[in-house]
K.L.:
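Attaching a single structure in structure tokens format; questions to follow.
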2 protein chains.
Amino acid sequence: MRLSNLADYAVVTMSAAARHCGGARSSAAELAAETGLPVPTVQKLVSKLSAAGLLRSTRGAGGGLQLARPAAAITLADIVEAVEGPIALTACLEGHDCIHDHDCRVRPHWPVVNAALRGALAGISLTRLSSPFASSEVERRISAGVSTSLDTNGVLV
Amino acid sequence: MRLSNLADYAVVTMSAAARHCGGARSSAAELAAETGLPVPTVQKLVSKLSAAGLLRSTRGAGGGLQLARPAAAITLADIVEAVEGPIALTACLEGHDCIHDHDCRVRPHWPVVNAALRGALAGISLTRLSSPFASSEVERRISAGVSTSLDTNGVLV
DNA sequence: GCTTAATCGGACCAAATTGTTCCGATTAAT
DNA sequence: ATTAATCGGAACAATTTGGTCCGATTAAGC
């Protein structure tokens, strides 16, 4: 039930990349310096994130990385899936047939849980993560039933 | 983003225990036979589940296990927390101060995500997991906006 | 058109958490 | 008091994860 460190780092890296929203290409080394993560780790991450279509990489001298989509169109679910694969709590749904019980009573219920989980993560966009507002403020507004969303600049609306 | 095997097995074990809802104490070996899990693994599980107050264990000859609460009052979140500890996607919230950046921009947003996640898991009760209905049926009713819940016998209401 | 320099992409190696197994302490019935 | 069956905790092995390195690719500069 815990995110892998890589996925955690991926979120931080994407958040840092989103701050370069001017469109300026930032290198992996630059992102590593901003986030405090080891350079090779960031290299491994941007590789996966690019393959998933979240980052666009430009190679060669003067190259670098930039967001492939607007920050508002990138969610936590996208980032997690890019690093960890499909969001599924159990392995019994993807090929690895559970040896134990082939008509397991709980197995048909996992898709519902997975969908609920993915929905929770898909509700958090990158703009919201880069928001200067503390989560407590956002949380208070949500629980108060106030319509809460952020524009592309991370401004609370 | 994946449940540990132990947590998965814990859900299966609790589901099996819920089927003995007549109040009959079932032994760990019995549960292992029903679920197809190794006996020592189940022993380790019931140990944690008892410590968390989800199962009540009676020692000695003729002893065994039974649910400490009605199945309707036990949720997936309870089981997961019993085995894996608090539901938190990142480790930076519990003591392990992130070495990298002490005013991390994404860190204040994790509590919201954690709460959303826990809410999704807390919405699935043990009665629903033991339901004879396939999840697709439940899911269809939910997405159709039909009020969907299950009584203590797992009957769709 | 060639050289140069800086980038990403993939493969190898080490560490840590997890999963399994075993044995001893405790308890109720006989 | 004895017996038998249970749970609880401790030690060991394995798979996944995290970190590091080097090579292939690419665009700019001359």
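Each chain gets a letter, A, B and so on, in the order the sequences are listed, and its residues count up from 1.
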K.L.:
Rounding to a whole Å, what distance do you find between A:Arg56:CZ and C:dT7:C1'?
P.N.:
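Those two atoms, CZ and C1', are 16 Å apart.
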K.L.:
How about A:Leu121 and B:Leu117: do any of their side-chain heavy atoms sit closer than 4.5 Å?
P.N.:
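A:Leu121 vs B:Leu117: side chains touch.
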K.L.:
Rounding to a whole Å, what distance do you find between B:Asp8:CG and C:dT20:C1'?
P.N.:
16 Å
K.L.:
Please name the residue in the list A:Leu55, A:Ile74, A:Leu67, A:Leu65 that meets the side-chain contact (heavy atoms from CB on, under 4.5 Å) test with A:Leu49.
P.N.:
A:Leu55
K.L.:
Tell me: CG of B:Leu45 to P of C:dT20, nearest whole Å?
P.N.:
9 Å
K.L.:
Could you walk me through whether B:Ile79 and B:Thr13 pass the side-chain contact (heavy atoms from CB on, under 4.5 Å) check?
P.N.:
CA-CA 10 Å; B:Ile79 302 174; B:Thr13 302; over 6 Å; no
K.L.:
List, with names and distances, any nitrogen or oxygen atoms from the protein found under 3.5 Å away from nitrogen or oxygen atoms belonging to nucleotides 23-27 of chain D.
P.N.:
unit_1	atom_1	unit_2	atom_2	d
D:dT25	O4'	A:Arg59	NH2	2.9

K.L.:
Please check this pair: side chain of B:Ser15 against backbone of B:Val11, looking for a donor-acceptor N/O pair closer than 3.5 Å.
P.N.:
no
K.L.:
Nearest-Å distance, CG (A:Leu49) to C1' (C:dG9)?
P.N.:
14 Å
K.L.:
Return the minimal non-hydrogen interatomic distance between B:Ala16 and B:Thr35, and the atom names on each side.
P.N.:
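Closest heavy-atom pair between B:Ala16 and B:Thr35: CB-CG2, 3.7 Å.
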K.L.:
Write out a two-atom table: protein N or O, nucleotide N or O from nucleotides 14-19 of chain D, distance below 3.5 Å.
P.N.:
unit_1	atom_1	unit_2	atom_2	d
D:dG18	OP1	A:Asn5	N	2.6
D:dG19	O6	A:Lys44	NZ	3.3

K.L.:
For the residue pair A:Leu6 and A:Leu45, establish whether any side-chain heavy-atom pair is separated by less than 4.5 Å.
P.N.:
yes
K.L.:
B:Leu65 CG to C:dA28 P: how many Å, rounded?
P.N.:
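The answer, rounded to whole Å, is 14 Å.
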K.L.:
Sort and list the pairs that fulfil side chain to side chain donor-acceptor pair (under 3.5 Å) and have at least one residue in residues 37-47 of chain A, not counting sequence neighbours.
P.N.:
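Listed by first then second residue: nothing to list.
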K.L.:
Between A:Leu31 (CG) and C:dT7 (P), how many Å, whole number?
P.N.:
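The answer, rounded to whole Å, is 12 Å.
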K.L.:
Hey, could you give me each pair passing side chain to side chain donor-acceptor pair (under 3.5 Å) that has a residue in residues 68-79 of chain B? Not counting sequence neighbours.
P.N.:
B:Thr75-B:Asp78
K.L.:
Applying a 4.0 Å non-hydrogen cut-off, can you work out what B:Ala51 is touching in the nucleic acid: base, sugar-phosphate, or nothing?
P.N.:
nothing
K.L.:
Quick one: label A:Ala29 by what it contacts on the DNA or RNA (base, sugar-phosphate, nothing), any heavy atom closer than 4.0 Å.
P.N.:
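Contact class for A:Ala29: none.
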K.L.:
Output every pair passing salt bridge (Lys or Arg N to Asp or Glu O under 4.0 Å) with a member in residues 80-89 of chain A, not counting sequence neighbours, ordered by first then second residue.
P.N.:
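Pairs touching residues 80-89 of chain A that pass the test: A:Glu81-A:Arg118.
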